[in-house]
Asks: 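Below you will find the structure I want to go over with you.
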Amino acid sequence: MPGQHRIQVWIDRDLCKGSGPCFTVAPKAFALDDAMRAVVLDPSAEPAESILEAARECPTAAIYLSLDGQALDP
Ligand code: SF4
């Protein structure tokens with residue numbers, strides 16, 4: 001995926017269980033906050049493949065992605 005594309009990331013914090021693996025797969029893009037729910041840091045700091053993998057492996061499908069403004073189904 002060429003670097004000029006823009007991935008946007010949202011997390012449905014009501015779905016998030018705080019268990020990972022998003023923040024282990026892409027630690028510069030995801031972290032846990034004080035409420036033990038995931039937050040988005042800087043998606044551009046990780047390879048797009050890692051962002052896709054994080055979304056794919058989220059056990060509650062709480063991570064939503066778009067690529068250049070178009071919803072992306074990981
Ligand atoms: S993988 Fe999904 S459920 Fe787990 S912490 Fe990340 S967003 Fe939350």
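Every number for a ligand or one of its atoms is a count from 1 in the order of the listing. This one's a predicted model, so the numbers in the text were calculated from it and none came from an experiment.
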Asks: What's the shortest distance from atom 6 (Fe) of ligand 1 to any protein heavy atom, and which residue and atom give it?
Replies: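 Minimum-distance protein heavy atom for atom 6 (Fe) of ligand 1 reads Cys22 SG, 2.3 Å.
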
Asks: For the hydrophobic clusters of this structure (ILVMFWY residues joined by side-chain heavy atoms under 4.5 Å, transitively), does one cluster hold both Phe23 and Ile63?
Replies: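 Yes, Phe23 connects to Ile63 through the hydrophobic network.
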
Asks: Any idea which protein heavy atom is nearest atom 8 (Fe) of ligand 1, and the distance to it?
Replies: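 Its nearest protein heavy-atom neighbour is Cys16 SG, 2.4 Å.
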
Asks: Which bit of Ile63 gets closer than 4.0 Å to ligand 1, counting heavy atoms only: side chain, backbone, both or neither?
Replies: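 Side chain only.
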
Asks: Counting heavy atoms only, which part of Pro21 comes closer than 4.0 Å to ligand 1: side chain, backbone, both or neither?
Replies: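 Both backbone and side chain of Pro21 come within 4.0 Å of ligand 1.
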
Asks: Provide the number and element of each atom of ligand 1 under 4.0 Å from a heavy atom of Lys17.
Replies: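 Going through ligand 1 atom by atom, the ones under 4.0 Å from Lys17 are 3 (S), 8 (Fe).
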
Asks: May I ask whether Tyr64 and Leu32 are part of the same hydrophobic cluster, defined by side-chain heavy atoms of I, L, V, M, F, W, Y residues being less than 4.5 angstrom apart, directly or through others?
Replies: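 As far as the 4.5 Å side-chain criterion goes, Leu32 and Tyr64 are not connected within one cluster.
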
Asks: Just jot down the ligand 1 atoms closer than 4.0 angstrom to any heavy atom of Gly18, in number order.
Replies: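 Result: 5 (S), 8 (Fe).
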
Asks: Is any side-chain heavy atom of Ile51 less than 4.5 Å from a side-chain heavy atom of Phe30?
Replies: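 They are in contact (side-chain heavy atoms under 4.5 Å apart), so the answer is yes.
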
Asks: Which protein non-hydrogen atom lies closest to atom 4 (Fe) of ligand 1, naming both residue and atom, and how far is it?
Replies: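 Residue, atom and distance for the closest contact: Gly20 O, 2.7 Å.
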
Asks: In ligand 1, which numbered atoms sit nearer than 4.0 Å to a non-hydrogen atom of Thr60?
Replies: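 Going through ligand 1 atom by atom, the ones under 4.0 Å from Thr60 are 3 (S).
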
Asks: Please examine the side chains of Ile7 and Val9, heavy atoms only from C-beta on, and report whether any two atoms are closer than 4.5 Å.
Replies: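 Yes. Closest side-chain heavy atoms under 4.5 Å.
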
Asks: Under a 4.0 angstrom heavy-atom cut-off, which atoms of ligand 1 come close to Ser19?
Replies: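 By the 4.0 Å cutoff, the relevant atoms are 4 (Fe), 5 (S).
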
Asks: If we only count heavy atoms from C-beta on, is the Arg13 to Val39 side-chain gap below 4.5 Å?
Replies: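 Touching, per the 4.5 Å side-chain cut-off.
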
Asks: Pro21 versus Pro59: any side-chain heavy-atom pair under 4.5 Å?
Replies: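 Contact flag for Pro21/Pro59 side chains = yes.
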
Asks: I need the contact type for Cys58 against ligand 1. Using non-hydrogen atoms and a strict under-4.0 Å cut-off, is it side chain, backbone, both or neither?
Replies: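 Cys58 to ligand 1: contacts from backbone and side chain alike.
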
Asks: Can any side-chain N or O of Ser50 pair as donor or acceptor with the backbone N or O of Ala26 at less than 3.5 Å?
Replies: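 A pair under 3.5 Å: no.
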
